[in-house]
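A short worksheet on the structure shown next.
A, B, ... follow the sequence lines: proteins, then strands. Residue 1 opens every chain.
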Amino acid sequence: MSLARAGVVAIASLLVGQWSLAAGGGAMPSGPSVSNFEPREVPPEEKAKNSYNAGIKSIKKAKDYEADAAKASTPEKKAKAMEKAGKAYNKALEQFTDAASNKPDMVEAWNYIGFANRHLGAYAESLEAYDHALSLNPKYFEAVEYRGEAYLGLNRIDDAKTAYMDLFRDARPLSDQLLVAMQQWVADRRLDGKGLDAAQIDAFELWLGERATVARQTASLGSGDAVRTWK
Amino acid sequence: MVLAGSAATAAQPPAYRWDLPPGFPPPRVPAGNPMSEAKAVLGKRLFFDTRLSVTGQYSCASCHRPESAFTDGRARAVGATGRRLNHNAMSLVNVAYAVSFGWTNAGFDSLEAQMRRPLFNQHPVEIGLRGREAALLRELAADPAVRAGFAQAFPGSANPISLGHLIQAIACYERTLVFARSVFDRYIFDDDQSALTGAAKRGMALFFGPRLACAQCHFGLNLAGPAAIAGKPPPAPIFADTGTQGRFKVPGLRNVALTAPYMHDGRFVDLRSVLDHYEHIERDRAPGETLDPRLRTFHLAVGEKQDLIDFLESLSDLQYAGSAPLH
């Protein structure tokens, strides 16, 4: 992890702790006094919104660079594109952290702090941010899905399964999204187990196969407003 | 003004808390009859109250018996005066999610609207309340427990004991009859991979698969076509001609193993007969009858029919079968 990245992650982690205290009854620090001669102080809500929107743009850039990397013709070009993606995710992390510092209950910003951290490989920090987002809004299912992917990054298979089942019950499209991520994770771990043995991957793949079948078969149960049969 | 507003807010009953199984979102409820615990409790009492009927010996529960998944086990229901009705008694299991009511497309889009038919119908008589409305309300008002129930269910009403409130209360109770703790639900929602037998899993694959395409009509969380979900506009119901001389509502299949006999006129005594019918539907259809285009022609191999039956039996919520819980 680069020093700059470590700094941003540390700030985001500190923010989680700070607002946990604030939510417990602690007073929020007051802002600087504004004299008549100073330019208008941008309200925190507006700052948060601006930073959040900037963060979304950075995420988009990062994804574009990742797409470039995927179709790069040489390893050097791929590495260059991935480096740019990393920088864009770092920038996004700073921006979402700024958004959350100005609006501590901005669930979306916390979700993206988790998202950016996850894409930077900082899974523990990512989980911390998702946990915080879900403490603010337990029904923010996008964070449940992202947290499921973070669990996969940490090889926490049982937690990932739980995330999948929570989504299957309450947010079927997101459970389908996590299922795809799980299938990709299995393919990746077949190449590099990262501490897992083959039997663990086999067992998970078996579970995944059954759940994929159930998901296909019962696709029409969830919404109740579409006629579908699985192929 | 502020004080009046606060007082009005304070008088509001607490929001109803659905106790729903996993995977089941809150159903759509008519704005004019919001759910309340007090209404549901009163509705349950009235649902079983034989004073509603012309003979004093018949109630909603006479056709919708809890022990038969809220059906009556007859091919065609029988009214209070003993006359056979036109149709098989439909199950009330998960009726809160229904988008239409009754076998035929009579335009009933709510339980409240539909309930007037069994209450007031005279040809044939079902409950037989017509002409006895005032007498019934007097009788109910003279019953302290019922009177208190109406007062609690409709606080602030100048006239709590009314036919409109009676219908609303019964509808409220019926909406609480959500049954979805079957082994099928345990398999798909609780991730209990041993809940379903291998045969039931094979039957499930047949049911939802393209060869039989049962889920072309029996989809949605109640396996009855579109479901009425809170916050979503009401979808159009499905009526289909499945070789029974007419277009009838697609019934829900939850607890289906407990609701024999089957079809709108109860012509089939068991699930095997229903599957036989669908397997030979082209061969057996009446001259000139236009079958629903969603129906498939198929042949079931040895064992497949039993697999399907095993799957259909897995849809029974045996946790609550035979009971009439509020939740």
Side-chain angles (χ1 to χ4, degrees), chain A residues 137-141 144-145 147-148 151-152 156-179 181-183 186 200 202-231, chain B residues 20-28 94 97-99 180 184-185 187-196 201-229 232-238 250 252-254 294 296 311 315:
Chain A
N137 180 4
K139 297 284 185 188
Y140 198 76
F141 293 114
V144 176
E145 197 282 331
R147 187 167 65 176
Y151 285 139
L152 290 174
R156 287 171 59 174
I157 294 174
D158 287 342
D159 290 324
K161 284 181 176 178
T162 301
Y164 175 81
M165 291 308 303
D166 287 344
L167 294 170
F168 185 85
R169 287 186 281 265
D170 294 320
R172 283 292 289 269
L174 287 171
S175 73
D176 293 338
Q177 191 176 313
L178 183 54
L179 192 76
M182 287 172 154
Q183 287 163 334
V186 168
Q200 290 172 292
D202 289 346
F204 182 62
E205 190 170 30
L206 198 64
W207 176 87
L208 198 54
E210 182 134 7
R211 289 310 313 183
T213 301
V214 169
R216 278 197 308 275
Q217 290 177 342
T218 64
S220 65
L221 285 191
S223 63
D225 55 8
V227 181
R228 285 189 283 171
T229 52
W230 64 287
K231 300 284 185 265
Chain B
L20 296 168
F24 274 62
R28 195 168 186 276
N94 299 350
Y97 294 98
V99 293
F184 168 73
D185 293 299
Y187 176 58
I188 70 164
F189 290 125
D190 297 352
D191 195 25
D192 181 353
Q193 297 200 351
S194 63
L196 278 193
K201 285 181 186 174
R202 290 193 298 273
M204 180 175 162
L206 285 168
F207 182 91
F208 288 108
R211 180 155 72 95
L212 274 61
C214 309
Q216 282 288 313
C217 289
H218 292 286
F219 63 93
L221 51 84
N222 213 21
L223 299 166
I229 308 293
K232 293 189 175 183
I238 298 183
V250 174
L253 295 185
R254 288 184 172 278
R294 286 165 287 213
R296 299 281 194 275
F311 167 66
L315 299 171

query: Is there a side-chain contact between B:Phe208 and A:Thr218, using heavy atoms and a 4.5 Å cut-off?
result: yes
message: Counting C-beta onward and ignoring hydrogens, is there a side-chain heavy-atom pair between A:Arg211 and B:Asp191 closer than 4.5 Å?
response: yes
query: Within a strict 4.5 Å, meaning less than it, do heavy atoms of the B:Phe184 and A:Leu221 side chains meet?
result: yes
- request: For the pair A:Arg169 (side chain) and B:Pro22 (backbone), establish whether a donor and an acceptor sit closer than 3.5 Å, ignoring hydrogens and angles.
  value: no
Pairwise side-chain contact, A:Trp207 with B:Gln193, heavy-atom cut-off 4.5 Å (strictly under): yes
message: With a 4.5 angstrom heavy-atom cut-off, is it the side chain or the backbone of B:Tyr97 that approaches chain A, or both, or neither?
response: neither
Separation of A:Ser220 OG from B:Leu221 CG (nearest 0.5 Å): 10.0 Å
